[in-house]
Every structure is written in C-alpha cells, then in structure tokens.
Amino acid sequence: MGQGYREVADPSVYVRFPLVDPPKALADTDLLVWTTTPWTLPSNQFAAVKPDLEYSVVRVEDEPRRLIMASALVETIAAKVKKEFVVESTVAGSELLGLRYVPPFDYYYQRQGQTRGKLKSGGAEHVAWRVVAADFVTTDSGTGVVHQAPAFGEVDFDVLQAEQARFADGQGPPLLCSVGPDGKFTEETPEYQGRWVKDADRDICRQLRDEGTLLLLDQYLHDYPFCWRAEEDPLIQYPRKSWFIRTTKFVDKLLANNREIHWLPEHIRDGRMGNFLETNVDWALSRERYWGTPLPIWVCEKTGYAEAVASYAELLAKPGVEGTEAWDAAKRTNPALPDDLRVHKPYVDQITYDSPKAPGARMRRVSEVIDCWFDSGAMPFAQWGYPAREGSHEQFASQFPADFISEALDQTRGWFYSLLAISTLLFSDDGEAEDETRPVAYPHPFRNCIVLGLMLGEDGQKMSKSKRNYREPREIFDRYGADALRWYLFSNQTPWTSIRYSEQAIRECIPEFLLRLWNCYSFFAIYANIDKFDPAAAISGTVDQLAPGDLARARGYRPIVERAEIDRWILGESHRAAAAVTEAMDAYDNYGACARLNEFVDALSNWYVRSCRDRFWSGEMTRDKADAYWTLYECLVTTAKLIAPFTPFVAEALWQNLVAEPFGARARESVHLCDYPEADVAAVDETLSEQMALVREIVSLGRSARMGAKLKVRQPLARVEMILADRRYHEWLERHEALICDELNVKQAEIAEDPEQYITYTVLPNLKRLGPRLGKDLPALRKRLAGADGGKLLVELEAEGKITLALPGGEVSLDRDDIQIRLQAKEGWAAAQGRHCVVVLATELTEELVAEGFARELVRAIQDRRKEIGCEYTDRIAVGIVTDSPDLRAAAERFENYIRGETLTSRFSFEPLAGADPAELDVAGFAATLYVKVDKDNRSRTKER
RNA sequence: GGGCGCAUAGCUCAGUUGGUUUAGAGCGCGUCCCUGAUAAGGACGAGGUCCGAGGUCCGAAUCCUCGUGCGCCCA
C-alpha cells in the first residue's frame, strides 16, 4: 500500500442497530454504532463491544427508542447530536455479549438472519448479527460499539475467524462481501450495483436517514490511504486470496542471524530491525499484477492439487505438456525477443500438463506473480543461478556472505529484510531443508550493513520532484565537480545522518580540502617547472605504481633517514594518515577517514609547504632542495592514492599530472589501478610527530600573543619564551628554535629559565585514574589541590617522585600520571596559554628591530606592486623609493640586500623611475612613493638569490 | 495509536562508550595577519541554560524516567 496517507474528510455516521428479543431491561433499545465508511454497512456481520467497559442505556429527548453506548462517550455524542441525553441505566459490556440486532441493510439478513449453526462446544447459535467481544474497542472516538465488516478490515476479519472457529466445520458465518474486486457493489446489493463504493456513501446515508436508523451524519477528518501512483485514488481494504511464506516459523532464526550482523548505526539491530523481526508476520508473497516473476505453481483444475515447478526444464519434462507453441510463435514474429522471456507472462501461462491426481484434468499455473522484494532478496543466490546452474556453487561460495551492503533507512523492511529472510530460510536447519542446503554460520547473507540516512532537499524537507527543492545533480557536477559532491557526502556527517542536499554546503566544503590539496599541487608544479625537477628523467625503467621502492631508485633521491627532520616528519604523517584511514575504512567509518585525510592535507599545506617554501626558492638544486622536491612529490603521489576512493577525479588528475604523463607507459595508466597505500610503521616516528604538534601549538600561541599585544608578525621581535607543562621535549625544542623563530619572526626562542615569573602552576587530578580509586573522596582531593600552591607540589613531585596529601579519608599518594599540570599566564606579559604550554613574547623594540620592520614593510609593498604590474615569478625588477623620512631611508639602506633578495630586485635606487607609475605608501606612519618596473635587461635570466 | 530515532554555536554537523579543566570542526560573521601557492593561505574573536524536568553517581552532553518538538516506519 505504501506511503500514500493523506488527511481527508469522510462521512461520519452514527447508526442504530435495533436489538432483537432483548431482555426486558433493554426493550425498545438500539445499539449505537459509528463508522466512517458507510459503504461497508451492507456487509455488516457483527457489533463488537469491550466486555469490561461500562455502557449506558440512554433516553434521547423526543425519541421513542433508547440507545446503548459507552458511558464515557455519552456527553461527547450528546453534544454532537445537540439533544439532551438521559442515562437511564448502565450495563457492563459483558452483559451485551450474544445479543442479536437488526443490521441497517437486509441484503444478507433477510436470507440468513435466522440461520443458526452448530457449535463445537455443543448447542447452536445464530451465525451473525450478534454482539461479540473485542479488545480493540476504545472510547477515544465513536460510540464504544464497533461495526464489524470482516471483508474490509484486518481486525474485523480476525473477529470473523475467531467466530468461525467456534462453530462446527461449515456451520459458522461465511464472509459477507457486497463489493467486487473492482471496488464496485455487486448484485448482492441491487440498489447500488455497479457503483464505486466511495461514491455510494452519500446515497447510503440518505437511505439510512429515510429508514430512520441514522442518528447523526457528520464529517470526520482523518488520515486515509491513497494509491501511491494514482494519487487521487482512495484505497480500500479488500479480502484477497494470497500465497504466503511462513516466515513466522523462523522468527527465532531470523533474530539469531540478525544479532550477528554488524549494523551501523548499531541501534538498528535491536531497534528498528530487531523489533520488526519480533513482530514478524508471514510474507505475503503473491501479487496480482502482470509484470513480475510468475509464481511457479501449477494447480490441478479438478482436485486443487498443487505442484511447485523448479525450472523450465522440469516443466517441459512434465507429462502431456502443451502450450509451448505460444512462445515459439512469438519468437517467430519477433526474433529479437530474449529467450529469458519464455518463462514470463503471457507465454508461460499457456503451458499446461496432465494432472497426476485426476485423469484427463490439466495442471494450470496460478495467475499470480511474485512480490518483487523476493527477487531483490534472492540476489545473492539468483545472480549465480545457484544452486541449479553448473559451477554456481563455487561462485556462490566465493562471494557469500557479502562483506557489506548499504542502502537507506527505508530499506529495513525492504531489501535488508528480504535478503535476511530468504537466506535465513534457505540455510536454516529446520529438518525440512533440501539436501542442497545446510546450516551456515551466522551472519548471512551480509556481515555489515551501513544504514544511510535519507537525502533531504535544500529546505530540509524530503526531496521531492514536484516541489523541486533541490539542485539537479548535473548542475552540481558542472559547477563544482562530482568530487565536491562526493566529498561533501562523505566528510560532512556520519552516513546515518540524513543529509541535506544543499548547493551552498557543497560549495563551501571545497576550499578546506579539495582546494587546499590542489594548492599544494600547484605549488609543487610551479617550482618543479621552474627548476626542471623531473622524476621521470631521474628514474629508469618501469615504475608501475611508483611505490617507495621505485622512488628509491631515482637519481638524487636520498634515503629518508638522511633527510631533514621536517621531511621525515611529513612522510611519517603520510604513513600515519594511511594507517588511520585504512583502520577507519575497515571499520566502515568514512567520516573518521575523511577527518584524517583532511588533517593530513592540512599538515602538508599549512606546515610542510608553508615552512619549506624557502627551500624551494633557493637558487641551486642543492641536496636539501632535491630532498624537499622528492618529499613533496612522494606525499602528493601518496595522497592521490589515499583519496582515490573518496574523490576519484581529483585523485586521477593528480596521478595523471604527477605520474602518468611524465612516465607514460612506464607507470600504471590510472591511480584507480593502484593498490591502496600500506602504512610503513617503520617510517613513523611517533615522538617526532608529537614534537612537531607541539611546535605547531607554540607557533599558534605565539601568533595569538602577537595578536593580543597588537604586534604584527612583520615586526621582528627579540625573543619568545616558552613554558611547558611537560619537560620531556625541552631539549628537542631547544634544537628547533629556528623553526619557531622563522614562523614567529623573532630572533630567539627559548625555554623560560624562570617560568614562575610568567605563570602559576595548577595541579589537577587525573579524574579517570583517581575516580575509581578514591570514589567519594574525590571532591575533597579536588578542593585540596585547587587550594594548594601548584609550584610547591611540583617541586615535591620532582624530589620525591610523588605527592602525598592528607585527606579526611586517609593519606593519598599521587604519582606523575595521577595529575595534570595546568599553566596559567600571569597578567602583564604578552602571553598566550594553551592546554600544555604558555608562550611569552619580549615586546621591547630596539632601533634595529624597528628598522628591520620597516624593511619588511617595504618588501611587502614591493611584492604588492610586482603583483599589480603583472610580474612573472622569475622577473627581475627595478625599484625606486622616494621618501622624506630619514628613518625609512636609513632602514632601506641598511637592509637593501635583504630587500633586493626578497623581491628579485636587480636595480635599486632612491629616485623616481622613468616609465614606472608611482605608488603612494604608508609605512608605519611614514609616507613614501614607490616605483616598480620590470628590469628588461635581466628579464630572461634564471632566478638566483 | 504502536515502534525506532533525533534534539549540542547563526547554519550544517562531530563528540572516542560517564572523568568535571577552555564541550569541538567546517561554513557564515567580525577583527587582523601573511603574501614568491596569490581571484590563494593563516590567526584571533564573538557566538553554547549540550531541548525541558526529575533521577542514578564522587562526577552526566553522555546512563535511566517523564515531558515537549521533529523525522522515519507501521497501523
């Protein structure tokens, strides 16, 4: 039936069912019955009440006959009818059971109203139009007396079946149904024959009113199902004969299998899926449609004996087969018809054979086809023709069970279930299985299942073709690239989160990852071109996937251990990333994998390339410069492989540019033909990784401190001091001053000799460790540590190896791992504090530092002009600076060589330059005029510094 | 009506199975920096009653109960 529920207004009718031969207390009394489907009233068979509910006998003003309804609803109904209701007596629902009534229409009643049947328990009873008991009766709406038309409702049908079970075989109530399969009234209801049921509601109500059984006609708003395809067509429930698979018999096995499946997110297992399995009902297998797999059951036209036919060959081998000529004729008419169609409608329906049970009778196929969800669930078997096709056992065994499948949440009852159900039924040892099958270890037919969230449109609503609340994928591809969409889907949320398909969000995810990575590549490409760095020329022979071993053969390629620390670091990071991404993907965690890839590209871009730029700028192809090239090249090639499954086009573009084009046939033609990088744990120096992370934090804090003190990075400073909570890396840091100095533009970086000048120490408990140990004493310890002098405690720890504290609950001894040291910067310094370290800037400026600051301002201004006048990276320029400021001029003279080197200036003067446009400058408050032009005499020379 | 889930910064989302300290990221916004990756890059900041109310616990965004709102599935 699907999802086509809509709110509509239907008639709401309150109808009198006059009691027949009631006890005296209920003389001249009618059951009051409510329904929103008047068209079902002609097929009424019972009225249901709840035995433990209290009912009232009500006198209505000006009415000769009394009404029975649930006491709880008397007021509500009186208000609707707008008449005064007087309760004359009350009666338990159980006392109404068995009472007979006259139904509103006598189409069936006139013939069967007096029919009685033999009960299994002895005695006899009227087969219909009696009050019966039902638990589903409520007082939420209606009257507490529920009209039962078993032909048009599942619970009503259950009531009929329960009644039938009470009677001896063939003696019970038949199913009354005055509606045909076309939804129109049949000849059983002559006045309405041929009319679509919903269209007859109006006239049915009119007839009820004319006959005096209608108490009230009203309107009722409720959700009603409509055809999901022809949206204007209301649906009705209708009894049809169907074929079922008795899945209920396998519930335990379904549950046991389900429990072994790794569901992502986990709650699906016991939640949505587990709950669905626990309340499993038999699988309604057959469909009354044309398209679909024909149900392969042939039935004897005389005896009803049925056979399931396993194959076309088996069918043809049946005795007395006829009807195959239908297919032959069709094939002659249209030779292009695929042979697969011969087992489909209409051809297969022509095939009949001799019944083994009745001489002369024929076996004919039933008319139904199979629910297409069965086909979907049969995929793991049917794709190989298992078990019938030759060789299928081997193919099947090699692919079963599947490692993982993925679909959206709505497939819980769809594909996920059909796969699970068929496989479980097929491979469960229930004593009835065919020889072919035997129990298979759970889980099957899939081990892992990623249940995706639903895709939502731009507005957060369900994507809708009619609402057009989304951008066409093709437009997204054209504008931002398919990889932008892929990366957005992979990296922005866990897969089970419903995804908003938003153009803006897709656009915004590009710079952080894809563009940043591409910038790294651009940087490499620009300078590799300038320097003629050519890996393909440096390596001979086949390079295949360009694995580390292939690179190692390159001329100029030095062993990694011999390279600069930062080279070892970034290559180590690439291996750490490969390991982490692989681990995440093995756990089906694409979100975590993307986060890790992003982290690596960030490290490559914002630390490696950034801090190695001047290595690429140096004039000669030194050993160090070559190392930098090989390192960056290897990182980019590895990255291309790492991102290949995530952003295949960008990955391929990298591979083509970096490998496929330069190496030609010596390398694999596509990154997608390469193996996924395997992390080389030996290449990872975890300590170095931590140390570098620390440097990055220090630099970040240094910049923060500069910001706070309003000291721009252009202004060199004399010194930066660092205070660390953890002394382990002190020595290492001292050796890496240069890196920090360079990034922060300071002359000296050192570990503070007198840290307590700048900071105070706080000792905090490591709660995760101490919580279980101390329990209720923990608050006391926290208070004690907060009140203590952190510096003293640390001295004690240094001297004794532990800190001993007296607490109300006894003495506590804390070692280094039991505590965390927090640093707090004191006021009055240009400082910034992080979790584990504090960075303090020396803010006093000497004349020389100020002058150097000026020089850097001038460099920046000249670089700006270079860009404005469209210089190539390698262009030499002529520069003229005219200024009235002696300080500025002095600084420029003093740092002339520095300025020339930074800006590729070949001619430098303090005069206006002919042929150059003047540009006005403001350098820290001093005015100057700058002239820049390309120095043509030096234009074609290669870069040197 | 039943089941399952979700609710964290303006927006979109993470939050490692309970560890308090400064609850994170991207985008957006603001301020600024850097600039030989340059129609890029970076830093800093503002912005949070972790939906509400109880409970368990030394300790809750996290576990339990109830409520509210939303979504999906089923009736």
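Predicted, not measured: the structure shown is a model, and the values here were computed from it. Atoms considered below: every heavy atom in the structure, side chains included; atoms not considered: hydrogens, waters and symmetry mates. In what follows, chains are A, B, ... by sequence order, proteins preceding strands, each numbered from 1.
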Any-strand Watson-Crick or G-U partner of [N], both distances under 3.5 Å:
{"N": "B:rG36", "result": "none"}
{"N": "B:rC29", "result": "B:rG45"}
{"N": "B:rC57", "result": "none"}
{"N": "B:rU62", "result": "none"}
{"N": "B:rU68", "result": "B:rA7"}

Does either side chain, that of [X] or that of [Y], offer a donor lying less than 3.5 Å from an acceptor on the other one?
{"X": "A:W487", "Y": "A:N492", "result": "no"}
{"X": "A:R856", "Y": "A:N745", "result": "yes"}
{"X": "A:E503", "Y": "A:Y480", "result": "yes"}
{"X": "A:Y417", "Y": "A:N258", "result": "no"}

Any side-chain N or O of [X] less than 4.0 Å from the OP1 or OP2 oxygen of [N]?
{"X": "A:T497", "N": "B:rA14", "answer": "yes"}
{"X": "A:S502", "N": "B:rC27", "answer": "no"}
{"X": "A:T494", "N": "B:rA14", "answer": "yes"}
{"X": "A:R613", "N": "B:rG41", "answer": "no"}
{"X": "A:N606", "N": "B:rG42", "answer": "yes"}
{"X": "A:R272", "N": "B:rC72", "answer": "no"}

ask   = Quick one: on RNA chain B, does A:N598 or A:V713 contact a more 5' nucleotide (nearest heavy atom)?
value =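 First, find each residue's nearest nucleotide; the 5'-ward one identifies A:N598.
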key: Given RNA chain B, 5'-ward residue of the pair A:V609 and A:P495, judged by closest heavy atom   =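 Comparing both residues, the 5'-ward one is A:P495.
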Given [options], the nucleotide with the shortest approach to the side chain of [X]:
{"X": "A:L454", "options": "B:rA43, B:rG36, B:rC72", "answer": "B:rC72"}
{"X": "A:L904", "options": "B:rG36, B:rG26, B:rC13", "answer": "B:rG36"}
{"X": "A:Q493", "options": "B:rG41, B:rG28, B:rA14", "answer": "B:rA14"}
{"X": "A:R413", "options": "B:rG36, B:rC73, B:rG42", "answer": "B:rC73"}
{"X": "A:S605", "options": "B:rG36, B:rU17, B:rA37", "answer": "B:rA37"}
{"X": "A:E508", "options": "B:rG28, B:rG19, B:rA37", "answer": "B:rG28"}
{"X": "A:M707", "options": "B:rA37, B:rC72, B:rC32", "answer": "B:rC32"}
{"X": "A:N275", "options": "B:rA37, B:rG3, B:rU20", "answer": "B:rG3"}
{"X": "A:K768", "options": "B:rG42, B:rG19, B:rA37", "answer": "B:rG19"}
{"X": "A:Y591", "options": "B:rC13, B:rC44, B:rA37", "answer": "B:rC13"}

Considering every strand and a 4.0 Å limit on heavy-atom distances, what is the contact class for [X]: base, sugar-phosphate, or nothing?
{"X": "A:K712", "result": "sugar-phosphate"}
{"X": "A:C509", "result": "nothing"}
{"X": "A:R696", "result": "nothing"}
{"X": "A:I526", "result": "sugar-phosphate"}
{"X": "A:N492", "result": "sugar-phosphate"}
{"X": "A:S498", "result": "sugar-phosphate"}

Atom [atom1], compared across [N] and [M]: separation rounded to whole Å:
{"N": "B:rG59", "M": "B:rA23", "atom1": "C1'", "answer": "16 Å"}
{"N": "B:rC13", "M": "B:rA61", "atom1": "C1'", "answer": "15 Å"}
{"N": "B:rG15", "M": "B:rG19", "atom1": "P", "answer": "14 Å"}
{"N": "B:rU22", "M": "B:rU17", "atom1": "C1'", "answer": "23 Å"}
{"N": "B:rA7", "M": "B:rC44", "atom1": "C1'", "answer": "31 Å"}
{"N": "B:rA14", "M": "B:rG3", "atom1": "C1'", "answer": "28 Å"}
{"N": "B:rG48", "M": "B:rG10", "atom1": "P", "answer": "6 Å"}
{"N": "B:rC50", "M": "B:rA25", "atom1": "C1'", "answer": "16 Å"}

query = For the pair made of CG in A:L636 and C1' in B:rA37, what is the distance, rounded to whole Å?
reply =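 So the two atoms are 12 Å apart, to the nearest Å.
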query = In whole angstrom, what separates A:I506's CD1 from B:rU12's P?
reply =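 In whole Å, B:rU12 P and A:I506 CD1 are 15 Å from each other.
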key: More than 12 heavy atoms of other groups within 6.0 Å of A:E583 CD   =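 Result for CD/A:E583: open.
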request  = Measure centre to centre between the rings of A:Y501 and A:Y488, then say whether the value is under 6.0 Å.
outcome  =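 Aromatic pair excluded; centres sit 6.0 Å or further apart.
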key: With A:E857, the side-chain contact (heavy atoms from CB on, under 4.5 Å) member among A:E852, A:Q715, A:K712   = A:K712
message = I'd like to know if the side chain of A:T40 reaches the main chain of A:A149, judged simply by a donor and an acceptor atom lying under 3.5 Å from each other, with no hydrogens or angles considered.
response =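 No.
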